[in-house]
Enquirer: 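Mind having a look at this structure? Questions to follow.
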Amino acid sequence: MDRVVINGGAPLRGEVAVSGAKNAALPIFTATLLAGGEYELSNIPDLQDIRTIALLIEKLGAKVTRTGGSTYTINSENVSNHQAPYDLVRTMRASCLVLGPLTARLGRARVSLPGGCAIGERPIDQHLKGLSALGADIKIDHGYVDIKMEGRFKGASIVMDVITVTGTMNLMMAATLAEGSTVIKNAAKEPEVVALAVFLNDMGAKIDGAGSDTVCIEGVRHLHAANARIIPDRIEAGTFMVASAITGGDVTITGIDPLLVRSLSDKLSQSGCVISELKTGARVKSTGSIRPVDVTTAEYPGFPTDMQAQIMALMTLADGASVITESIFENRFMHVGELRRMGADISVSGATATVRGVSSLSGAPLMATDLRASASLILAGLAAKGETTVSRIYHLDRGYEHIEAKLKRIGASISREKAGKAR
Ligand code: EPZ
């Protein structure tokens with residue numbers, strides 16, 4: 001397994017461009033199952049999860065071609081297989097996003113239950129409750145969700161018990177081809193949900209209210225292929241913003257609407273950074289000190305859970321104590337143990353971590369446990385004294401495109417080592 005080697009201490013300076021958003025691209029790939037035809041998707045990030053979703057929709061009958069660095073064409077004319085196999089679904093939970101489109105297109109879907117993951121149990125009960133409300137006959141059988149449906153989905157009024165991003169996406173996709181209208185209340189408001197709704201409307205769907213807590217979908221008989229340019233990745237952008245702050249740097253992140261990272265910008269300002277919001281980006285300039293800030297993760301537009309591990313890395317070097325509360329997932333403090341091994345002073349009680357800032361971190365051999373935890377360890381390594389190695393970086397490769405190359409270009413001393421290389 002590859003690892004990343006970092007020699008910390010260099011302030012990062014310069015410009016870094018944000019890639020397309022993984023969590024916008026994945027649902028848009030599955031939306032192409034809804035209607036045959038040729039689609040062109042651009043600004044697709046070069047990530048393991050993208051390769052996984054491409055493989056999955058190919059198994060279902062689509063033809064996926066990477067025509068350029070970040071452009072794919074998909075032809076879903078011959079989608080006919082309704083089965084998503086366990087060996088693929090278990091590697092990426094977002095595979096469950098095929099449930100709605102497959103059932104809408106074929107009247108059948110047999111998809112392995114995703115199972116839990118490092119950060120929590122992550123059930124999909126809300127997905128299934130909504131699909132059932134829309135008329136699907138759902139059975140759980142040998143670890144698979146087995147859906148049958150005669151004819152089309154029937155429009156329904158659905159109130160989500162929990163705000164769920166992929167749950168909202170799945171039901172929105174299913175409802176586009178329903179007979180009649182559907183209202184989803186307590187819907188997720190993330191920009192990636194809005195991006196999916198825009199794409200579905202370009203395919204001929206009739207969706208209103210995406211981005212609010214009430215999404216209305218008027219079902220249509222048919223959809224058609226469309227093209228999409230994937231929106232920028234606000235979590236990648238946020239990760240680089242923290243990279244600037246934690247290294248005492250001055251970095252401009254380009255290619256992102258600063259409003260999408262406003263909740264993070266506010267916290268970085270409170271902690272002492274000078275944030276300049278630009279038309280297409282944000283400049284993060286450290287003032288040399290890091291003040292402690294309290295953070296509670298929340299659904300958009302609140303502070304994103306996907307940035308919790310990263311802001312915690314910054315707070316380990318603050319001149320005081322910060323309280324970080326993770327309110328979305330039940331086990332998203334896996335990075336704490338590794339940060340402690342670098343000298344961080346963090347105590348955890350339930351969903352709350354108290355981070356008492358220390359004057360410095362020391363580099364150490366670390367192990368990644370999940371995608372955003374691995375980003376947090378990279379950030380800590382950039383600021384630590386001495387060498388840090390982060391192993392199991394396949395976690396990192398799921399969600400960050402060429403991160404070490406991007407960091408190197410703004411001054412980081414970082415490299416990737418192939419597994420087994422003698423040191
Ligand atoms: C999406 O996951 C993202 N993934 C996650 O990003 C992100 O952390 C999460 O939303 C929250 O913002 C993708 O978009 C591919 P949820 P999702 O359903 O949709 C509970 C990353 O790092 N829940 O919004 O799976 C669930 O257990 C990943 O890029 C139910 O109880 O998250 C959690 O506590 C990690 N029942 C909460 O809701 C359900 O049916 C929010 O989960 C669904 C969810």
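Order of listing sets the numbers, starting from 1, for every ligand and every atom in it. Below, all heavy atoms of this structure are taken into account, side chains as well, without hydrogens, waters or symmetry copies.
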Enquirer: If you compare all heavy atoms of L339 against all heavy atoms of S376, which two are closest, and at what distance to 0.1 Å?
Expert: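 Taking every non-hydrogen atom into account, CD1-OG, 3.9 Å.
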
Enquirer: Does any N or O in the side chain of N43 come within less than 3.5 Å of the main-chain N or O of I230, such that one atom is a donor and the other an acceptor?
Expert: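 Answer holds: yes.
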
Enquirer: Classify the ring geometry between F29 and Y72 as parallel (under 30°), tilted (30 to 60°) or perpendicular (over 60°).
Expert: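 Aromatic pair F29/Y72 classed perpendicular.
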
Enquirer: Between D146 and R108, is the closest basic N to carboxylate O distance under 4.0 Å?
Expert: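 Between D146 and R108 there is a salt bridge, with a charged N closer than 4.0 Å to a carboxylate O.
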
Enquirer: Side chain to side chain contact (heavy atoms under 4.5 Å, CB included) with T352: which of T325, I324, T296?
Expert: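 Result: among T325, I324, T296, T325 is the only option passing the side chain to side chain contact (heavy atoms under 4.5 Å, CB included) with T352.
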
Enquirer: Can you work out which protein residues put a heavy atom within less than 4.0 Å of ligand 1?
Expert: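 Near ligand 1, by chain and number: K22, N23, A94, R122, P123, I124, D125, Q126, H127, V162, I163, T164, V165, T166, T305, D306, I328, F329, R332, L371, R372.
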
Enquirer: I need the single residue from T182, V215, L131 that forms a side chain to side chain contact (heavy atoms under 4.5 Å, CB included) with I158. Which is it?
Expert: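 Considering T182, V215, L131, a side chain to side chain contact (heavy atoms under 4.5 Å, CB included) with I158 is found only for T182.
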
